[in-house]
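Notes follow once the structure below has been shown.
We're numbering straight along the sequence, starting at 1.
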Amino acid sequence: MISRIDLRGDALPEGSALRDLLPRADFDVAAALDKVRPICEDVHHRGDAALIDFAERFDGVRLERVRVPAAALERALDALDPAVRAALEESIRRARLVHREQRRTTRTTQVVPGGTVTEKWVPVDRVGLYAPGGRSVYPSSVIMNVVPAQEAGVPSIALASPAQAESGGLPHPTILAACALLGVDEVYAAGGATAVAMFAYGTESCPPANMVTGPGNIWVAAAKRYFTGKIGIDAEAGPTEIAVLADATADPVHVAADLISQAEHDPLAAAVLVTDSAELADAVERELEPQVAATKHVEDRIVPALGGEQSAIVLVDDIDAGLKVVDAYGAEHLEIQTADAAAVADRVRNAGAVFIGPWAPVSLGDYAAGSNHVLPTGGCACHSSGLSVQSFLRGIHIVDYTRDALAEVAHHVVTLAEAEDLPAHGAAIKARFDWKVPEGK
């Protein structure tokens, strides 16, 4: 059901050579660009009419309008199962607790007497948030996008999710209910690349946004790449992935369950176990079969995900080698199920989110840990981080110098300008003074 990669015995290679040995899904965003380009440009030229046509083509429903009426949001919330509402409200509460602590404060540094630099943090003016709606419905992704944007102080927030034929052309009602709980009343029935194009260009119904965030399929990732430079994006999210670093102390029942939990997202989802215990590897393999048989989405998602080239059990000599492997892999979600898991987790350098020990599974982070589940995939955790309040803020430096403070450093500025052969830069300084280089300078 799942392959093995044996890295025991030999010294592990460095950098890309090690990454090349590890499993990864084939996710060719560049190839998808050619297909999303005409879709995005059609939205650019025809606006809402193109969105309506694409909803009929891709989602099987002819829309009367793209924007969701406010009454539909209220109806969805009224009809929401009370248990689901309570769970969503608790998820929102915990996410707010964590993300509120991420707010930045304005700081002023006195560089010299009379010379200060202040850094203030300003939210983007408008964001377009995306909640997927293909194989599953993700109200949790609504929370994970909306809460940090709200806590950052973004004044204009819009959300898009694909039209559902069974919902009469509206996004899934649980998505709409989550929006209502969060106070987001600008919602659009648009999916995939069309939603990103709507936010990037704007249409008759939807003003353009400065930034687009949220997970999605390869078409969403390709559209984000297409618009990079025109709008801000969070990341080109690829298939979800879990890596578990475990030793002989780990419970194979837990490990198998956690691998399956990510595999049920998508046939391209990655499930990777890195362990120095061949006995644990054997036990996890034995445990996978009955757990898979007892769950849902087996043939269309879990079996192809676990059996795909992106998933494997990786055997290493020891936990030090395992840390080297998981740092090279840079997992979206990394579980540490070892002896002294907290100390091992503290040594991790590359991961979207780290889950410590047997009582912090990835499923907790998906819904109710308070952390954000919009995380870097495809190894991007080696250089990027997950969605946060910071994602929606811009740091602006404010420079305030008096005449005396500028005079004190003027000769250095002129010297550097001349060293870079930019005399007009120096002249802009000299023009402010009866220029004379101070003695001894």
Side-chain angles (χ1 to χ4, degrees), residues 88 91-107 118-132 138-161 175 178-188 190 195-202 206-216 220-221 223-238 332 352-353 365-367 369-377 380-381 383-398:
L88 289 174
S91 178
I92 292 167
R93 186 187 73 82
R94 293 182 179 213
R96 287 209 189 280
L97 285 175
V98 172
H99 290 84
R100 192 162 291 154
E101 294 295 319
Q102 298 171 356
R103 289 177 177 174
R104 298 294 189 99
T105 57
T106 298
R107 292 184 181 275
T118 298
E119 185 174 46
K120 73 172 183 177
W121 294 92
V122 181
V124 296
D125 292 328
R126 176 171 166 80
V127 296
L129 310 178
Y130 186 69
Y138 293 104
S140 57
S141 288
V142 177
I143 295 169
M144 299 298 170
N145 279 272
V146 170
V147 168
Q150 289 179 333
E151 294 301 323
V154 176
S156 178
I157 298 173
L159 185 136
S161 192
I175 295 287
C179 290
L181 281 173
L182 289 157
V184 175
D185 59 8
E186 186 182 348
V187 182
Y188 298 90
V196 180
M198 174 186 71
F199 287 136
Y201 286 129
C206 179
N210 305 106
M211 184 177 185
V212 173
T213 73
V220 173
K224 285 182 176 180
R225 180 175 295 186
Y226 183 66
F227 288 112
T228 298
K230 179 177 178 62
I231 56 172
I233 65 168
D234 52 345
E236 295 177 8
E332 177 188 16
D366 283 343
Y367 300 115
S371 58
N372 203 292
H373 79 201
V374 182
L375 300 167
T377 59
C380 291
H383 55 74
S384 300
S385 55
L387 200 67
S388 69
V389 168
Q390 176 60 32
S391 303
F392 300 98
L393 295 174
R394 299 159 293 143
I396 300 175
H397 280 187
I398 302 168

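Residues passing the side-chain hydrogen bond (donor to acceptor under 3.5 Å, both in side chains) test with Q150, sequence neighbours excluded: R96. Every residue two or more places apart in sequence or in another chain was checked for a side-chain hydrogen bond (donor to acceptor under 3.5 Å, both in side chains) with H383, and none qualifies. Residues meeting the side chain to side chain contact (heavy atoms under 4.5 Å, CB included) test with A237, sequence neighbours left out: none. Under the rule for a side chain to side chain contact (heavy atoms under 4.5 Å, CB included), the partners of V98 that lie at least two apart in sequence or sit in another chain are Q102. Checked against ring pair (Phe, Tyr, Trp, His ring centres under 6.0 Å), Y201 has the following partners two or more places apart in sequence or in another chain: H44, F227.
The list of salt bridge (Lys or Arg N to Asp or Glu O under 4.0 Å) pairs with a residue in residues 388-398, not counting sequence neighbours, is empty.
What you find for S161 and Y130 is that their closest heavy atoms are CA-CE1, 4.5 Å. Nearest heavy atom pair, residue K224 against residue G214, reads NZ-O, 2.6 Å. The two residues P148 and L387 come nearest to each other via the heavy atoms CG-CD2, 4.2 Å.
For the pair N210 and V127, the minimum side-chain heavy-atom distance is 4.5 Å or more.
For the pair R225 and E236, the salt-bridge criterion is met [side-chain N within less than 4.0 Å of a carboxylate O]. The pair R100-E151 meets the salt-bridge criterion, with a side-chain N (NZ, NE, NH1 or NH2) lying under 4.0 Å from an Asp/Glu carboxylate O.
Inspection of the D234 and S391 side chains reveals no N or O donor paired with an N or O acceptor under 3.5 Å. Side-chain contact of H373 with S141: a donor-acceptor pair under 3.5 Å is present, judged by distance alone.
For the pair R104 (side chain) and K120 (backbone), a donor-acceptor distance under 3.5 Å is absent. Listed for the T377 side chain is no donor-acceptor partner under 3.5 Å among the backbone atoms of E332.
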